[in-house]
Q: 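I have a structure I would like to understand better, so I am pasting it below and will then ask my questions one at a time.
Here is how names work: the chains are called A, B, and so on, in the same order as the sequence lines, proteins then strands, and each is numbered from 1. Keep in mind that what you see is a predicted model, and the values were worked out from it rather than measured.
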Number of protein chains: 2
Amino acid sequence: MNRPAPRRRPGRPAKADAGDTKAELLRAALTLFARHGYAGTSVRAIAREVGLSESVLYAHFPGKQAIFEAALALGGPHITVAAIAGLDATPAGSPAAYVRDLAAAVLDAWDTPEGRRLASLAARDGLMHDPALADAIDASLEHLAGVFRRWLDDGLIRDDLGDADDLAYALLSPIAHARVLWLHDDATPAQRDKARERALRHADLFARAVTPPAARG
Amino acid sequence: MNRPAPRRRPGRPAKADAGDTKAELLRAALTLFARHGYAGTSVRAIAREVGLSESVLYAHFPGKQAIFEAALALGGPHITVAAIAGLDATPAGSPAAYVRDLAAAVLDAWDTPEGRRLASLAARDGLMHDPALADAIDASLEHLAGVFRRWLDDGLIRDDLGDADDLAYALLSPIAHARVLWLHDDATPAQRDKARERALRHADLFARAVTPPAARG
DNA sequence: ATTATCTATAGATCTATAGATAATGC
DNA sequence: ATTATCTATAGATCTATAGATAATGC
C-alpha cells in the first residue's frame with residue numbers, strides 16, 4: 001500500500017519533509033495490528049511502513065504495548081454506542097422506520113476503513129473477550145431494550161414474542177454477526193455488500209415480525 | 001494447567017514413560033494457539049507445555065505451520081455442519097420443536113473444550129476470514145434455508161416475514177454470535193451460561209415469530 | 001538548547017538442524 | 001537398525017537503548 005519510502009539521512013528533517021509522524025505511526029500500527037495481530041506485528045514493521053527507522057517509535061511511545069493501546073483508542077467501541085444513541089427513537093417515527101435506521105446507522109459506523117480494521121483487531125487479539133468491549137455490547141443492547149420497553153408499554157410492537165432484552169438481541173446480533181463475518185479488514189467489496197444486504201434484510205424481517213397484527217395491512 | 005514436567009534424560013524413553021507424544025503435542029498446540037494466536041505461540045512453548053525439548057516437535061511435524069494446520073483439523077467447522085444435518089427435519093416434528101432442537105444441538109457441539117478453543121483460534125488467526133470457514137457457514141445456512149423452503153411450501157410457517165434465506169440467517173446468526181461472544185476459550189462459566197440462555201431464548205422467540213396466526217392458540 | 005531523526009548494538013527470543021544418546025524390536 | 005528423545009548451536013528475528021547528527025526556534 002505504501003511506497004517502501006527511501007530512508008532519511010540522520011538529523012532532524014527539514015520542516016518541508018516533516019509530516020505528522022505520530023499520527024502516521026498510529027495509522028500504520030492499526031493497519032498492521034489488524035492484519036497480523038499484536039504478536040505478528042513488529043515495531044520494526046510499523047516503522048518501515050511509514051518509512052522511518054524503528055527507533056523513532058520509542059521517541060513517540062514508551063513501547064510496543066503503548067502503541068497498541070493508542071491505536072486501539074483511535075476508534076473504540078464507543079463509536080457503535082454513539083451511533084445507536086444518536087438515533088431518534090421518539091414515537092414520532094414508526095418502530096419499523098427506527099429499526100431500519102438503526103441498521104443503516106451501525107453499518108455506516110462500521111463499514112469504514114478504521115471500523116473494519118478495528119473489527120479485525122478485536123477478533124485477532126482477543127479483545128472480543130475484553131471487559132471493555134463486553135460492556136459496550138451490553139450498553140448497546142440495554143439501550144435498545146429500553147426503546148423496546150417503551151414500545152411494548154405503548155402497544156406499538158407485538159408483546160407475545162419475547163421481552164425487551166430478547167427483542168434487542170434478536171435485532172442486533174444478526175447485524176453484529178454480519179460485521180464479524182464480512183466487515184473485517186480484509187473483506188472483499190463483495191463481502192461488504194453481502195454484510196450490508198444481510199443486515200438490512202434482517203432489519204426488515206425483524207420490523208415485519210414485531211409489527212402487531214392490528215397494524216398490518 | 002500442566003505441571004512444569006521434569007526434563008527427560010537423553011535417549012529414547014522406556015516404554016512405561018512413553019505417552020502418545022504426537023497427540024499430546026497437538027492438544028497443547030491447540031490450547032496455546034487458541035490462547036495466544038499463531039504468532040504469539042512459540043514452538044518452544046508447545047514443547048514445554050508437554051514437558052519435552054523443542055526439537056522433538058520437528059520429529060513429528062515438518063514445522064510450526066504444519067502443527068498449526070494439524071491442530072486446526074482436530075475439530076474443524078464440519079462439526080457444526082454435522083450437528084445441523086443430523087437433526088430430524090421431517091414434518092413429523094413441529095417447526096417450533098425443530099428450531100429448539102437445532103439451537104440445543106449446535107450449542108452442544110460448540111460448548112466443549114475443543115469447540116471453545118476452535119472458536120478462539122478462528123477469531124485469533126483470521127480464520128473467520130478463511131474461505132473454508134466461509135463455505136461451512138454458507139453450507140449450514142443453505143441447509144437450514146432448504147428446510148424452511150419446504151415448510152414455507154407446506155404452509156407450516158409464516159410466509160410474510162422474509163424468504164427462506166432471510167429466515168435461516170435470522171435464526172442462526174444470533175446463535176453463532178453467542179458463540180463468538182461467550183463460547184470462546186477463556187469464557188467464564190457465567191459467560192457460557194449466558195451464551196446458552198441467549199441462544200435458547202432466541203430460538204424460542206424465533207419459533208413464536210414464524211408460527212402462523214392460524215396455528216397460534 | 002531542543003527536537004526529530006538516524007546508526008549501531010545489546011541481549012532476548014525464535015525456528016530449525018546436526019549430531020549424541022539410549023531404549024526398542026528384529 | 002530403528003525410534004524417540006536429548007543437547008548444542010546457527011542464524012534470523014525482536015524490543016529497546018545509547019549516542020550521533022542536523023534542523024528548528026529562541
Q: In Watson-Crick or G-U wobble terms, both distances under 3.5 Å, what is the partner of C:dA4?
A: D:dT21
Q: Please report, rounded to the nearest Å, how far the C1' atom of D:dA16 is from the NZ atom of A:K64.
A: 12 Å
Q: Can you figure out which of C:dA4, D:dA22, D:dT15 approaches the side chain of A:R44 most closely?
A: D:dT15
Q: Which comes earlier along DNA chain C counting from the 5' end, the contact point of A:A59 or that of B:G63, where each point is its nearest nucleotide?
A: A:A59
Q: Kindly point out which of C:dT15, D:dT3, C:dC6 is positioned nearest to the side chain of B:Y58?
A: C:dT15
Q: Closer than 4.0 Å, any side-chain N/O of B:R9 to the OP1 or OP2 of C:dA23?
A: yes
Q: Consider the side chain of A:P10, meaning its heavy atoms from C-beta on, and name the nucleotide among D:dC14, C:dC6, C:dT3 that approaches it most closely.
A: C:dC6
Q: Any salt bridge between A:D185 and A:R116, counting N to O under 4.0 Å?
A: no
Q: Applying a 3.5 Å limit to both distances, which nucleotide forms a Watson-Crick or G-U wobble pair with D:dA16?
A: C:dT9
Q: Which one, D:dT13, C:dC6, D:dC6, comes nearest to the side chain of A:S53?
A: C:dC6
Q: Whole angstrom is fine here: how far is it from CZ in B:R12 over to P in D:dT5?
A: 8 Å
Q: Whole Å only: how far is the NE2 atom of A:H36 from the C1' atom of D:dC14?
A: 16 Å
Q: Decide, yes or no, whether a salt bridge links B:R179 with B:D111 under the criterion of side-chain N to carboxylate O below 4.0 Å.
A: no
Q: Without decimals, in angstroms, what is the distance between A:L32 CG and D:dC14 P?
A: 12 Å
Q: Could you check how far CG of A:D20 sits from P of C:dA4, rounded to whole Å?
A: 10 Å
Q: Round to a whole Å and report the spacing from NZ of B:K22 to C1' of D:dT5.
A: 16 Å
Q: Are A:D20 and A:R27 ion-paired here, with the side-chain N under 4.0 Å from a carboxylate O?
A: no
Q: When you measure from the centre of the six-membered ring of B:F61, is the NZ or CZ of B:K22 under 6.0 Å away and within 45° of the axis?
A: yes
Q: Quick one: which of D:dA4, C:dC6, D:dC6 gets closest to the side chain of B:L52?
A: D:dC6
Q: Nearest to the side chain of B:H60 - D:dT5, C:dT24, C:dA18?
A: D:dT5
Q: By the salt bridge (Lys or Arg N to Asp or Glu O under 4.0 Å) test, which pairs, at least two apart or in different chains, include something from residues 136-148 of chain B?
A: A:K194-B:D138, B:E142-B:R149
Q: Which nucleotide, C:dA16, D:dT5, C:dA18, lies nearest any side-chain atom of B:S55?
A: C:dA18
Q: Side chain of B:T21: nearest nucleotide among C:dA16, C:dA18, D:dT5?
A: D:dT5
Q: Using whole Å, report how far CG of A:L57 lies from C1' of C:dC6.
A: 14 Å
Q: Taking the six-membered ring for Trp, are the ring centroids of B:F148 and B:F206 within less than 6.0 Å of each other?
A: yes
Q: Measure from the side-chain heavy atoms of A:A14 and tell me the nearest of C:dT21, C:dC14, D:dA23.
A: D:dA23
Q: Using the side-chain heavy atoms of B:E54, tell me which of these nucleotides is nearest: C:dT15, C:dT5, D:dA16.
A: C:dT15
Q: Once you round it to whole Å, what is the distance between C1' of D:dC14 and OH of A:Y38?
A: 11 Å
